[in-house]
**Q** 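My questions will all concern the structure given below.
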Amino acid sequence: MKPPRFEYHAPATVDEAVALLVRYGGEAKLLAGGQSLMPLLNFRLSRPAALVDLNRVADLAGIREDGGIVRIGAMTRQRALEFSDVVRRRLPLLAEATRLVGHLPIRSRGTIGGSLAHADPAAEDPAVLTALEGVVVTRSPRGERVLAARELFETYLTTSLAPDEILVEVRLPAMDPRARSAFEEFSRRHGDFAIVGIAAVIVGEGRRCTMARLATAGAGPVPIRLRAAEEILETAGLEDRAIEAAARRAAELVEPDSDIHASADYRRHLTRVLTERAVRRALARPGGP
Amino acid sequence: MSEPVTVRFKVNGTAREGRCEPRKLLVDFLREDLGLTGTHAGCEHGICGACTVIVNGEAARSCLMLAVQADGAEITTVEGLATDGKLHPLQEAFREHHGLQCGFCTPGMLMTALDFLRVNPDPTEAEIREAVSAVLCRCTGYQGIVRAVEAAATGWAAPNWPRSP
Ligand SMILES: Cc1cc2nc3c(=O)[nH]c(=O)nc-3n(C[C@H](O)[C@H](O)[C@H](O)COP(=O)(O)OP(=O)(O)OC[C@H]3O[C@@H](n4cnc5c(N)ncnc54)[C@H](O)[C@@H]3O)c2cc1C
Ligand code: FES
Ligand code: FES
């Protein structure tokens with residue numbers, strides 16, 4: 001199949017892009033990496049009047065560290081994240097999760113902003129934003145907004161972004177140098193979207209856990225933090241029994257749906273198994289005293 | 001503007017140009033407008049990888065890019081691999097190790113493997129399997145492809161490979 005007819009614009013600045021979105025009053029679509037939007041156009045599941053291509057907006061791409069915050073431009077390719085030194089050192093969870101996104105040729109084009117704006121519940125980047133308590137910065141004719149993950153993601157493939165609003169930057173606090181992390185997911189084939197994925201970040205010494213962060217992908221309509229499970233680790237420590245209890249609690253906290261890929265029960269089961277694996281694999285890592 | 005636009009880029013080292021609607025996919029532009037039919041169109045939604053080409057040094061699906069987006073880019077397609085009638089070492093390895101049967105996936109497989117070996121010149125077998133899973137092959141069962149990429153990596157004193165592509 002081929003895309004339907006549309007008007008095409010490739011603005012050079014965010015301001016021009018916002019103005020174009022306003023001009024088309026909700027009938028235009030932003031084009032980032034195209035790895036989700038182009039298939040929808042090719043299948044004619046999406047028929048926008050216009051495409052506003054962000055690929056020529058030079059200052060939307062880039063990774064820089066700024067006072068303990070890693071600032072990532074929305075148009076930064078997933079491939080750039082994968083090979084970025086700053087990401088490897090300061091956001092090892094993002095580095096690991098990124099390698100699970102599709103395949104290298106998909107990551108050559110796909111962007112972090114596109115992944116977050118697309119809000120596929122099984123995508124890795126939204127889970128990482130959730131686990132690391134990051135924010136996204138947006139621009140619209142009404143100015144700038146800063147949104148946390150739970151304010152951005154509303155439900156399946158739906159965010160709180162307005163039709164004339166552009167996600168311009170992702171801000172992730174650099175991880176604690178003592179933190180150990182892992183991203184565990186299950187998919188039927190490498191490169192497929194996960195059926196369920198779990199991001200885990202643990203700060204602790206010996207058996208003591210001072211901070212645990214657990215976030216989901218694919219276990220419900222939006223990624224969520226598994227706060228009650230984190231608390232088990234933070235209070236009961238990093239013993240086997242506590243890890244098992246936290247994993248059981250994780251499975252109670254999610255509200256998955258059934259679809260052609262997996263039943264709700266199976267996703268709940270995966271949530272337990274993958275939480276346990278993610279925590280154990282994080283703890284097996286060097287780093288941290 | 002949904003009217004035709006002029007698209008100019010370099011393919012396999014040669015400057016080319018054409019006019020097409022903005023909705024024209026890069027894969028169709030290469031095949032129909034430039035006559036470079038080596039790049040194959042399979043699923044047209046990013047899954048099969050047959051259409052993979054190198055855009056500014058990185059492998060990408062040409063069915064998920066508009067031709068107009070490639071304006072100003074440097075592109076390498078499978079036609080750019082052989083030089084003076086001599087197969088590229090990677091192609092040689094595919095022939096030697098039965099890395100193809102019907103050949104439909106082969107252009108995408110070669111461009112994917114080329115990009116992969118550039119970022120990972122000394123891969124493990126598991127890494128090769130992961131890399132070539134980016135392209136669907138319905139004939140070979142992948143065994144020959146994995147062996148071909150392995151052989152290419154071993155025989156590949158990287159600097160001896162043609163610098164471009
Ligand atoms: C074969 C294949 C396998 C894949 N596997 C995975 C996987 O395992 N995990 C995974 O997470 N993803 C996967 N993807 C999806 C891929 O990572 C996409 O890149 C990503 O979901 C969307 O990013 P994009 O930059 O391509 O956005 P696009 O496709 O260009 O856009 C997606 C949507 O977001 C909107 N948008 C884009 N940028 C912005 C912005 N800055 N502000 C506001 N709105 C914006 C667009 O209008 C569109 O609606 C896969 C894709 C393919 C083709
Ligand atoms: S035709 Fe492009 S990935 Fe299948
Ligand atoms: S050789 Fe026939 S699909 Fe791969």
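Reminder, nothing fancy here: chain letters follow the sequence lines and each chain counts from 1.
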**Q** Among the options A:Ala10, A:Ala50, A:Pro4, pick out the one with the most heavy-atom pairs lying under 4.5 Å from chain B.
**A**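 Looking at each of A:Ala10, A:Ala50, A:Pro4 in turn, A:Pro4 comes out on top.
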**Q** At a heavy-atom separation under 4.5 Å, does A:Leu31 approach chain B through its side chain, its backbone, both, or neither?
**A**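 Side chain only.
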**Q** Measure distances from A:Arg79 to the heavy atoms of chain B and classify the residue's part below 4.5 Å as side chain, backbone, both or neither.
**A**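 Just its side chain gets close to chain B.
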**Q** Measure distances from B:Glu21 to the heavy atoms of chain A and classify the residue's part below 4.5 Å as side chain, backbone, both or neither.
**A**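 B:Glu21 touches chain A through side-chain heavy atoms alone.
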**Q** For A:Arg107, is it the side chain, the backbone, both or neither that has a heavy atom under 4.5 Å from a heavy atom of chain B?
**A**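 Contact with chain B: none, neither part.
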**Q** To the nearest 0.5 Å, what is the distance between CG on B:Asp115 and CG on A:Leu104?
**A**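 The CG atom of A:Leu104 is 5.0 Å from CG of B:Asp115, to the nearest 0.5 Å.
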**Q** How about CZ on B:Arg95, more than 12 heavy atoms from neighbouring residues, nucleotides or ligands closer than 6.0 Å, or not?
**A**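 Counting other residues, nucleotides and ligands, CZ of B:Arg95 stays at 12 neighbours or fewer.
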**Q** Compare every heavy atom of A:Ser108 with every heavy atom of B:Ala59, then report the nearest pair and how far apart it is.
**A**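 Heavy atoms of B:Ala59 and A:Ser108 come nearest at O-OG, 2.6 Å.
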**Q** Sort A:Leu41 into side chain, backbone, both or neither according to what part of it lies under 4.5 angstrom from a heavy atom of chain B.
**A**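 The answer is neither part of A:Leu41.
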**Q** May I ask you to check whether over 12 heavy atoms, not counting those of A:Asp259, lie within 6.0 Å of atom CG?
**A**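 It does: A:Asp259 CG has more than 12 such atoms within range.
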**Q** Do you know which of A:Asp53, A:Leu51, A:Asn55 has the most heavy-atom pairs under 4.5 Å to chain B?
**A**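 Winner by heavy-atom pair count: A:Asp53.
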**Q** So, taking the atom named CG in B:Asp71 and the one named CZ in A:Arg56, what distance separates them when rounded to the nearest 0.5 Å?
**A**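 Reported value, rounded in 0.5 Å steps: 5.5 Å.
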**Q** Could you tell me which non-hydrogen atom of B:Leu64 sits nearest to which non-hydrogen atom of A:Gly34, and how far apart they are?
**A**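 B:Leu64 and A:Gly34 have their closest heavy atoms at CB-O, 4.2 Å.
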**Q** Given a strict heavy-atom distance threshold of 4.5 Å, which part of B:Leu25 is in contact with chain A: side chain, backbone, both, or neither?
**A**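 For B:Leu25, side-chain heavy atoms alone lie under 4.5 Å from chain A.
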**Q** Is B:Asp28 close to chain A through its backbone or its side chain, or both, or neither, when contacts mean heavy atoms under 4.5 Å?
**A**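 Side chain of B:Asp28 only, per the 4.5 Å heavy-atom cut-off to chain A.
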**Q** Return yes when atom NE2 of A:His190 has more than 12 non-hydrogen atoms of other residues, nucleotides or ligands closer than 6.0 Å, and no otherwise.
**A**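 It does: A:His190 NE2 has more than 12 such atoms within range.
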**Q** Assess whether salt bridge (charged side-chain N to carboxylate O under 4.0 Å, His left out) is satisfied between B:Glu58 and A:Arg109, documenting all intermediate values.
**A** CA-CA 9 Å; B:Glu58 300 179 351; A:Arg109 300 289 303 167; over 6 Å; no
**Q** Among B:Gln69, B:Lys24, B:Met65, which has the most heavy-atom pairs under 4.5 Å with chain A?
**A**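 Counting heavy-atom pairs under 4.5 Å, the top option is B:Gln69.
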**Q** Please examine the side chains of B:Arg61 and A:Gln35, heavy atoms only from C-beta on, and report whether any two atoms are closer than 4.5 Å.
**A**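 They are in contact (side-chain heavy atoms under 4.5 Å apart), so the answer is yes.
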**Q** What part of B:Ser133 is in contact with chain A, defined as an atom under 4.5 angstrom from a non-hydrogen atom: side chain, backbone, both or neither?
**A**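 Answer is both: backbone and side chain atoms of B:Ser133 are under 4.5 Å from chain A.
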**Q** Would you mind reporting whether A:Tyr8 and B:Leu66 have side-chain heavy atoms less than 4.5 Å apart?
**A**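 They are in side-chain contact.
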**Q** Side chain, backbone, both or neither: which part of A:Arg5 has an atom under 4.5 Å from a heavy atom of chain B?
**A**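 The answer is both parts of A:Arg5.
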**Q** Check each atom of B:Val135 against the heavy atoms of chain A and say whether the ones under 4.5 Å are side chain, backbone, both or neither.
**A**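 Neither; nothing under 4.5 Å.
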**Q** Give, for atom CG of A:Asn42 and atom NE2 of B:His45, the distance between the pair rounded to the nearest 0.5 Å.
**A**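 Output value for this atom pair is 9.5 Å.
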